[in-house]
Every structure is written in C-alpha cells, then in structure tokens.
Amino acid sequence: MNLNDYLRPTKNKEISFDVFNEDNTISTETLISEGLSKIDFRKDLNNQQFDVVNEIKGPQLIIAGAGSGKTRTIVYCVAKLLSENVKPSEIMLVTFTNKAATEMIKRVEILIGIKPKGIWAGTFHSIANRFLRQYAESLGFKPNYIIIDEADANILMKITYNATEVQTDNNSFPTPKTARKILSYSINCNKTISETIKWKYSQYDDSKIISKLKEIYKVYKNKKAKDNLIDFDDMLVFWNRLLDERFMAQRIASTFNFILVDEYQDTNYLQDEIIRKLSKYTEKGNILVVGDDAQSIYGFRGANFQNIMEFSKRFENCRIYKLTQNYRSVPEILNLANDSIKHNKSQFRKEMVKTRKKGVKPVHIISENDEQQAIIIANKIIDLQKDGYNFSDIAVLYRAGFHSLRIELELQNQNIPYIVHSGVSFLERAHVKDLLAHLRIIQNPEDEISWSRIFSQFQGVGKKIASKMFDILSNTTDPLNSIISDSLFKRKLQNLKIAKGVQEEVLLFLKGFLTSVKVDKSKEVIMKLINQLTKHLKLQYSNWQDRVEDLKQIAIYSQNYDTIQNFLDALALNKSTIETKTVGLSNNGNQSPVTLSTIHRAKGLEWKVVFIPMLSENLFPSNKVKMNTSDYEEERRVFYVGITRAKEKLYLLSPQKIKNFKGVKDLNLSQFVKELNPKVYSRLSYQKDSSLFDEISSRNLSQEKIKKNQNKYLPLFTTADSLLKD
DNA sequence: GATAGGGTTGTTTTT
DNA sequence: CAACCCTATC
C-alpha cells in the first residue's frame, strides 16, 4: 500500500458538519410542522417584531437596538420560514460566532420542538469552509488544506521574510506581524496596500517599503499555496471568487432561498460583497440583515458599520424596520447607556423605548487600587447572593484579557465559583500546538509550519536545521514513504550538522509516528501521539503532568469528530466555544458560576448584574487608541455594549492605582465616566470605609500564590478520565 | 553559522 | 507565561 494514500484523507467525502447534518426525512418535516402549528406569532412578538416576521420577502434591513429582542426575532423568522415549507437547507443563517449559531438553532429547536437539521448556520468563515472543501479543486487547490490561525499566519510571514532576506532591524520596516496585518486590512477592506498604509500605518508610507511589501506578499501567497494552507482571509477571498463565476454563483446561490445575517454592523467590505453577490442570485433576493451601528466593535478587524447604513441604498425595494423597545434593562441603565453613546459624533441617532419598571441607578465606585477593586467586586457578589441572586446572574465584563487577573484571585480567595472567557488561550499553549502539528501533518504533509514545530523538538535542531529538513522532505518524491522505506531521507539527514544520535532519534520518531498513524481514528492517533509527546514533556517541564492533562482534553474533545479534518476545522473555527476556563466549581457545591469575560465576547449576552472594572484612563479606554479618532469612538461603543448587557444592576469601577509587573502606577478616572452626567449614576466611595481597609491590609497575596493559581485549567469536559485509559 | 540558555519585558478586542 | 534579545558555546 502506498503510505501517502492512507495518510491523506480519501477523496473529499460528503462534507459533514459538526452540528447540523443534512438529513431531511419526511418524518422530521411532519414533526416540524406539528411544532410550528402551535406557535402564536402574534402573541409572542411585539408589533415591530411581528411586522418583520410576518412577511419575510425581498431585501430587509432591521436596525435592532441592544436588548430589543433581536435574537428572538431571528429565531421566529426561521420558524416562520419553516412554517411556509421552506426546507432547512434553503436557509443560510450567518452569525458572528459559531457559538451564536448553535444557540440560535437551539432556540428554534425549543420553539418548534425538534431540531431543524440542515440549516446552513455559522460564521462567514465556517460557511465559506463548507464551500471551499467542496470546490477547492476548481479554485486551484487541494481539498485537504489546513486552516491556519493568525499566529500561524504570522509564523508563515516570518518564514517568508527569511526567504526574501528582509531586514527589520531599526523599525524602518514593518515586522512580519504588522505586514500581515496590513495585508489583512487591505484584503478585508478593499483597499490597496498603499491606501492601507496611508490609512493605518502612515509611518511606512514610502514607495520603497510598499514595493518591497508587495514582493513579500507574493512570496507569502505562493508559500501558502505550496504548503496547502489557507488563512482566515483566504476563506473569504476564495468564497468571493467562487461567486465571481456566474455559473458557480448561480449554483451556490440557487440552493438558498433565504439569507439571514446577524450582527451586520460588524461585517467588513469583503463580507458585505459576498452577501451582495449571493443575494443577486438568490431566487427572490430574500435577504434579511440585522444589526445596530451603536454596537459595532470590530473595526480593528476591518468591520465597517457603514455597511449597515448603506445596505438599504443598495437594494431598491429594501424595507427598513426598527426595533426600538428595550426589554432588557431597567430605565436607569438605559439612561446611562444613552448618556454615554451620545458623545459619539458618527452615530445614527435612535431612541430606545424603555419598557421595564423603575429600578436602581447604576453605581460608580472609585477604589484605591486594583486589588481593592477586586475585593469590592467579590464582596458585592457575596452580598448579591444574600439578596437572592445566583452567581450565574452576575458577570464581570472588561476591556482586555489581563484585567481579570486580580479579580480571579479574589474570587478564589472568597471561594466564589467563576468561569472565564478570555486570556491566554488553551489552544495556543506550546504543547497543545505541538500535538496539533502532528495531526496537521497527517491531514496535509506539505505544511512547513507543522513540520518545523515537530523537528524543532529535537535537541540540536533549531529553525534553520528544521527548515533544511523540510526542504529535504519537500524535494523528495513521495516524502513520507521515503522516510520509512528508503534510505534517501537518512542519507540527506547525514549532510546536516546535527549529532548522529539525534539523527537516529529523528528517524526513529518519524517512523514510529508515520507507521502507527491511521486516518479517521482520531482518538487512537491522538493517544499514540500523546504517549510520544509525554516523553518530551517530561524532559522539558517540571509541570509536565499538567501539560499531559491538557493534551488529554484535546483527545476527549476530538471524539466529537469523525475525521481529523473535521476536528482541525472545528478547532480553527470554533475557538470561542472551546476556550473556557472554569475555576472553583468543585469547592462550592454545584453552584453555577459567575461569568468573567471580555466585553467583546459578551456581545449578545445578558446578565441581571454586570460589573465593569478598570474604568480608568489607559485601561478603558485602552492606551492603544488616540483621543478623538474613530478608534476612540469604537472604544466608547465597547463601553456601550458592556453597559447594555446589564438587566437590573450595573456597577462601574475605577481604580486609582494599579500594581504592575513593575511597581505601582497612578491612574486617572476614565474619560467615559468623567463625561457622564452625574445624575445617571450614584457614586460610592470606599476610601473612607476603614473596615474594608483593614481587611485589605490584612491580606497578603504573595506572588507565589498568583503563579500557582494562574492558568490552571480545570477539565473542560465532563467525560471521565477512564475514557482515555489505553 | 546556528543553537541553547539566560535575562528582560510586557499584555486589546477575534473569525 | 511567552516573546524577545543577547551571549556563550559547539
């Protein structure tokens, strides 16, 4: 048997999607229609919402303010379509995260009593992936491509820099990371390299630099093609390209009758273009987009909320609806939200109609420092619990991942269970990446990034040698076979400057790896790999046992997927679902936890009580944005999104000092709080509360303790460890 | 010329 | 913790 044949996945099978398999049997349809007949659209929706749902036809734009029942409306739209005998597979539902897609389908399921299988639901990227796996060959690449994330794309750009011998010594030339960022903006925003540089990186506005960059981008592109890799931007580019061919566009678009897009304010030019093309060929131009310009917070990724405003101009008969009734927050919280967002100049005014009864004013608390801030939050949480709130009714929402560190510590101190959606990602830890590198090779043996990771694990092998080893491989016909059967690889290895013993080790490892690996049995493959990797981890790290545990988590998670390809796709595309750190559940009964999250990740969610900490200058707004720029207004929208997550109680906190890795830094009150009308909140000062002071000074959170607790991941999955024995 | 190891510095937001 | 730079060493 030819090794290559069984290492590479067999011809692209029917693409199976992890959550929604296409399976439209008659019995399912009957069940759906039974469920649908019980829905009372009139009663369940308000007038505005009902108007939208009642006649879903042609182009529709829905401006939906925070808490206006946006998700509810979309869910009922899907139900309504199904009730009109639209097949699930004719509906495309584009959401901002795959998690959001899963949740929406779940809500449809709850509504109609059965899971509507076959809906094309997911992010732009994950839907693109479904097409690309299918049509890869017509686009000129192989269907077993690997999706690379931003970190890998940066590594690839670095490899490109080395190949083109670019020097980046004295800040006069963009770093590989910046270069990739420029390229990404240019692709997503439909701007030339030169325009992008003038727009975002004016320090590099120089014709020599630009022409050199263009040269680099060509090499980068070729390298990706050669290694059979696809980055996030490519997914959109290629999908868009598919739609440029009339025949292909019709073929794709004609399978859809209805396209619904959520969070349209966060689409970029390219995504908008894709939607435009799709809607052109969709049978009746049925396209419904929902969004809120005030909640556009992804400008750093090329998102442009103008897309939503121009949508109605582009389609002749576009109907515009406004959902203005806020069901989420008490009037006091809405007052504060409105009072904040009005400071943004480029904003389309809309008045939210308050529907909830009078509640309590938001509270602003100035604390001595970030440590005290953490204690105040933890104490308040305990008080709230005494008042009858559950921990899971409460969220702490912040601007940046590292803002949670002290708060986490204090929650641990007070034994409050919490769950974190932010921070150093599980999948980016070195050993996890090592494991995934092996899986990627199995899927696509041409991937240099992965080979390089694997080779570099051996003593004496660094970047250069690894790159040479990859050269040997890629210049050998049938490389994998030659490793095992032929001596060619071995002979060429001898020409490299590495110790004999290491050569042997490399060969032995590769043979073991390649012969033991069989495609489509991801769990067994992974367990074998873990055994191999454990040896390396033991030598390198004192905490190797923790790391092995991480790897086992990967193994458990992989069981949800039938092929390595699907597993790797899911890891690349579903990061937000996977990266969750859970702490303190075990020592506090089975209480559901408090949520700690970045505001970005909290989008679309709500809690009864919300804390927004770190409202001090240089933290929130972040020191990365300049005053009075469009970025600054985006920063304010982030604040707005945070505020509008709260249903009943909102606490804003501003520390006056923060303990850094290097000493203590003084902080000024955040402009976002300073500019608020004092009438919209009440201020609480803890500085005079001596009892709390005593409490704080008696605490001594040593550095030791911080280290011990940080980044300790408890199992993400409940599956028993016994699953993994052998 | 290349790797290993020590020391330093510092953290936006995400598909 | 990790990404970075610098230097000792093979």
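Letters A, B, ... are given to chains in the order of the sequence lines, protein chains preceding strands, and every chain is numbered from 1.
Donor-acceptor pairing under 3.5 Å is lacking for the side chains of Tyr264(A) and Asp292(A).
Separating the CG atom of Asn623(A) from the P atom of dT13(B) is a distance of 12 Å, rounded to the nearest angstrom. Computed from coordinates, the His403(A) NE2 to dT11(B) P distance equals 12 Å when rounded to whole Å. Nucleotide dT13(B) holds its C1' atom 15 Å from the CD atom of Glu263(A), rounded to whole Å. Between the CD1 atom of Ile658(A) and the P atom of dG10(B) there is a distance of 15 Å, rounded to whole Å. Atom CD1 of Ile127(A) and atom C1' of dT15(B) are 12 Å apart (whole Å). Protein atom OH of Tyr632(A) is 19 Å distant from nucleotide atom P of dT13(B), rounded to whole Å. For the pair Asp631(A) CG and dT13(B) C1', the interatomic distance rounds to 11 Å; values are reported in whole Å. Separating the CG atom of Asn268(A) from the P atom of dT13(B) is a distance of 20 Å, rounded to the nearest angstrom.
Side chain of Tyr298(A), nearest nucleotide from dT14(B), dT11(B), dC4(C): dT14(B). The side chain of Thr123(A) lies closest to dT15(B) when the candidates are dT15(B), dT13(B), dT11(B).
No contact: Phe124(A) has no heavy atom under 4.0 Å from any strand. Within 4.0 Å (heavy atoms only), Lys433(A) reaches no atom of the nucleic acid at all. Using a 4.0 Å heavy-atom distance criterion, Glu150(A) is classed as a base contact.
With centroids closer than 5.5 Å and planes inclined by less than 30 degrees as the test, Phe300(A) and the base of dT13(B) pass as a stacked pair.
Look at Arg301(A) and you won't find any side-chain N or O under 4.0 angstrom from OP1 or OP2 of dT13(B). The side chain of Ser126(A) places no N or O atom within less than 4.0 Å of a non-bridging phosphate oxygen (OP1 or OP2) of dT15(B). OP1 or OP2 of dC4(C) sits under 4.0 Å from a side-chain N or O of Lys158(A).
Other residues, nucleotides and ligands place more than 12 heavy atoms under 6.0 Å from the NZ atom of Lys603(A). Other residues, nucleotides and ligands contribute at most 12 non-hydrogen atoms within 6.0 Å of the NZ atom of Lys177(A).
Between Tyr398(A) and His600(A), the ring centre distance reaches or exceeds 6.0 Å. Taking the six-membered ring for Trp and the full ring otherwise, Tyr298(A) and Phe96(A) have centroids separated by under 6.0 Å. Aromatic rings of Phe238(A) and Phe131(A) (six-membered ring for Trp) have centroids beyond the 6.0 Å cut-off, not under it.
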Using atom types as modelled, flag every donor-acceptor pair under 3.5 Å from a side chain in residues 460-470 of chain A to any protein atom, sequence neighbours excluded.
none

Given protein heavy atoms under 4.0 Å, the one-letter contact record of nucleotides 1-6 of chain B, with B base, S sugar-phosphate only and - none, is simply -SSS--
